[in-house]
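What follows is a single structure, written as structure tokens, with notes after it.
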Amino acid sequence: MKSLLIKNARLETGFTYENGRVAQTETDLFDVLIQDGKIIEIEKNMEGSDFEVIEANGKLLMPSFREMHIHVDKTYFSGPWKACKPITKGILTRIEEEQELLPAQLPFALNRAENMIEWLISQGHTHIRSHCNVDPQIGTKHIEITKEAFKKFEDQVTYDIVAFPQHGLLLSKVEPLMREAMKMGATLVGGVDPATIDRDIDRSLNLTMDIAVESGRGIDIHIHDPNSLGAFEFYKLAELTKQAKKEGQVTISHAIALGDLHGKELEELVAVLAETKIDVTSTVPTNRPTIPIPYLHENGVFVSVGHDSLTDHWSPFGTGDTVEKLSILAERFKFIDEYSLNRCWKYASGGITPLNDIGTRVWPQKGDLANVLLLDAVCSAQAVARRRPITHVISKGNIAYTNEAVLAKEVTK
């Protein structure tokens, strides 16, 4: 494999302190040599003739993003504009709508999925976790479509496919289809609102875990149920996780109830999630109380962000822009200082940040996977606060995307 040399990339190297607080992020320029998908040298003024070269011109080198919650299989993205229908029955409105909509979308679902994946790569993602409908109307056809879509981009992105019983595991009687989906190559078992949708918390969660154990896979379950109802479901899921020895293999998406609890109730629940290594994915919603992301992280619960959708029958607002998503997170939690803005990146990168909490450079190191971004920014705090553009996406050591529009503006300045 031909080597890739990134020249004059800006790396974060430490913090500058004033009166005991972080006032600025220190950076310096380095050349980064990549070979066989890994970073092999980080030096200054490297030379060589057998390299493909990117001249970074001082652009910021950062870890790439992991999109941990998206639905590439059902989208309006790249299709004609269509706003959402009003909700009259809560989530059941959308379930009823999908029973007709998804079969009608099958002829162009693959093309839209491919377009969405391509867009997400351009937004800096080198890993994508996509939830994929399994329901009576379409069976496992979306599993087939999603696998085919990702296959086109296997040299640019890694991925997970969650077999997702959107219409209810029990309600839509899709247990056989879910087991079939796992045999077809789905990498995670999905689920949704055992109380609100399936109306039987114990049976729904037990069956979800049974499919996970049978298939040897983990779980990513959507739980929107609020307050004490959602908390009860979390406790039951944690209990089953321990019994099945699935610690570290379970994700709760949305986890809305965590935004409703306070004090001892929140403290006790978070301790259980941390103990069972159940992680959480959030879209950082702004239309209701947001789950306490910083508190979760500080107390041992791993948190990731995701977009859920770009534009579909659920929401017309998604962008796939994770720099923007981190900026929204920062605004939501009033991260206005250099240090707190700097620490945001971990929620989108699988926990990887250039600096650790005390300002020691820990990334990149020799041997690290070459999944990196170049951004037109002086540091990650500026990138998040000012939503600075990505200029290059490098996945597995290969250039996956170049933002020609931004680079052209630089030339004409």
Sorted by first residue and then second, give each salt bridge (Lys or Arg N to Asp or Glu O under 4.0 Å) pair with at least one member in [range]; sequence neighbours left out.
range: residues 262-271; value: K264-E268
range: residues 187-203; value: D202-K236
range: residues 341-356; value: R343-D357
range: residues 273-295; value: K242-E275, D260-R288

Just do the side-chain hydrogen bond (donor to acceptor under 3.5 Å, both in side chains) check on T126 and S395 with the steps written out, would you?
-> CA-CA 6 Å; T126 59; S395 177; 4.9 Å; no

Can you tell me if [X] uses its side chain to pair, donor with acceptor, with the backbone of [Y] under 3.5 Å?
X: R66; Y: H127; value: no
X: S349; Y: I352; value: yes
X: T251; Y: S253; value: no
X: S130; Y: V72; value: yes
X: S172; Y: L169; value: no
X: N8; Y: A56; value: no

Nearest atoms (heavy-atom pairs only) where V192 meets I197 |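 That would be O-CB, 4.1 Å.
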
State, to 0.1 Å, how close Q382 and A377 come at their nearest heavy-atom pair, and which atoms those are.
->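 Of all heavy-atom pairs spanning Q382 and A377, the closest is OE1-CA, 3.3 Å.
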
Where do F65 and W345 land on the ring-ring contact (aromatic ring centres under 6.0 Å, His included) test, with the steps shown first?
-> CA-CA 9 Å; F65 295 136; W345 207 266; 4.9 Å; yes

Please identify each residue that fulfils salt bridge (Lys or Arg N to Asp or Glu O under 4.0 Å) with [X], with sequence neighbours left out.
X: E148; value: none
X: E41; value: K366
X: E97; value: R94
X: R361; value: none

Y159: partners by side chain to side chain donor-acceptor pair (under 3.5 Å), with sequence neighbours left out |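 By the side chain to side chain donor-acceptor pair (under 3.5 Å) rule, Y159 matches E154.
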
Can you list the steps and then say if I121 with H125 is a side-chain contact (heavy atoms from CB on, under 4.5 Å)?
-> CA-CA 5 Å; I121 291 170; H125 302 96; 5.8 Å; no

[X] side chain to [Y] side chain, donor-acceptor N/O pair below 3.5 angstrom:
X: N115; Y: S78; answer: yes
X: H71; Y: D308; answer: yes
X: T16; Y: E26; answer: yes
X: S3; Y: Q35; answer: yes

Should we say atom CZ of F317 is surrounded by more than 12 heavy atoms from elsewhere, each under 6.0 Å from it?
->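 No, the 6.0 Å shell around CZ holds no more than 12 heavy atoms from other groups.
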
Using a cut-off of 6.0 Å, state whether more than 12 heavy atoms not belonging to E100 lie near its atom CD.
->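 For E100, atom CD is not crowded (no more than 12 foreign heavy atoms under 6.0 Å).
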
Name of the residue among H142, K141, E98 meeting side chain to side chain donor-acceptor pair (under 3.5 Å) with N133 |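 By the side chain to side chain donor-acceptor pair (under 3.5 Å) criterion, N133 pairs with just one of H142, K141, E98: E98.
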
Given N57, T27, D28, the one that forms side chain to side chain donor-acceptor pair (under 3.5 Å) with R10 |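 Output: one option passes, namely T27.
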
Short N-O contact, D220 and R129, less than 4.0 angstrom =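 Judged by the 4.0 Å cut-off on N to carboxylate O distance, D220 and R129 do form a salt bridge.
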
Would K7 and E55 pass as an ion pair if we require N to O under 4.0 Å?
->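 Salt bridge: no.
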
Inter-residue atom distance [X].[atom1] - [Y].[atom2], 0.5 Å rounding:
X: F302; Y: L273; atom1: CZ; atom2: CG; answer: 14.5 Å
X: L106; Y: E144; atom1: CG; atom2: CD; answer: 10.0 Å
X: I293; Y: L258; atom1: CD1; atom2: CG; answer: 10.0 Å
X: L171; Y: D135; atom1: CG; atom2: CG; answer: 11.5 Å
X: Q166; Y: L102; atom1: CD; atom2: CG; answer: 8.5 Å

With a cut-off of 3.5 Å and sequence neighbours excluded, list every side-chain donor-acceptor pair involving residues 324-336.
{"from": "E324", "atom 1": "OE1", "to": "T319", "atom 2": "OG1", "distance (Å)": "2.7"}
{"from": "K325", "atom 1": "NZ", "to": "T283", "atom 2": "O", "distance (Å)": "2.8"}
{"from": "S327", "atom 1": "OG", "to": "V384", "atom 2": "O", "distance (Å)": "3.1"}
{"from": "S327", "atom 1": "OG", "to": "R387", "atom 2": "NE", "distance (Å)": "3.0"}
{"from": "E331", "atom 1": "OE2", "to": "R387", "atom 2": "NH2", "distance (Å)": "3.3"}
{"from": "R332", "atom 1": "NE", "to": "T290", "atom 2": "OG1", "distance (Å)": "3.0"}

Intermediate values then yes/no, side-chain hydrogen bond (donor to acceptor under 3.5 Å, both in side chains), E12 and S380 | CA-CA 8 Å; E12 296 187 339; S380 58; 2.8 Å; yes

Chi angles and distances behind the side-chain contact (heavy atoms from CB on, under 4.5 Å) call for L375, M62 | CA-CA 8 Å; L375 299 99; M62 291 294 291; 3.8 Å; yes

Yes or no on salt bridge (charged side-chain N to carboxylate O under 4.0 Å, His left out) for K82 and D312, after CA distance, side-chain angles and deciding distance?
-> CA-CA 8 Å; K82 188 174 182 180; D312 60 16; over 6 Å; no

Apply ring pair (Phe, Tyr, Trp, His ring centres under 6.0 Å) to Y339 and list each qualifying residue two or more places apart in sequence or on a separate chain.
->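 Here the qualifying residues are F15.
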
Scan residues 250-292 for pairs that pass ring-ring contact (aromatic ring centres under 6.0 Å, His included), counting only residues two or more places apart or in two chains.
->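 The answer is H69-H254, H222-H254, H224-H254.
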
Is any side-chain heavy atom of D210 less than 4.5 Å from a side-chain heavy atom of T208?
->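 D210 does not reach T208 side chain to side chain.
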
Would you check, one step at a time, whether the test side-chain hydrogen bond (donor to acceptor under 3.5 Å, both in side chains) holds for T187 with D160?
-> CA-CA 6 Å; T187 57; D160 280 308; 3.0 Å; yes

Stepwise, does the side-chain contact (heavy atoms from CB on, under 4.5 Å) test hold for V393 with L374?
-> CA-CA 7 Å; V393 180; L374 286 170; over 6 Å; no

Determine, step by step, whether L5 and I34 satisfy the side-chain contact (heavy atoms from CB on, under 4.5 Å) criterion, reporting the C-alpha distance in whole Å, the side-chain angles of both residues, the deciding distance to 0.1 Å, and the verdict.
-> CA-CA 6 Å; L5 178 63; I34 295 168; over 6 Å; no

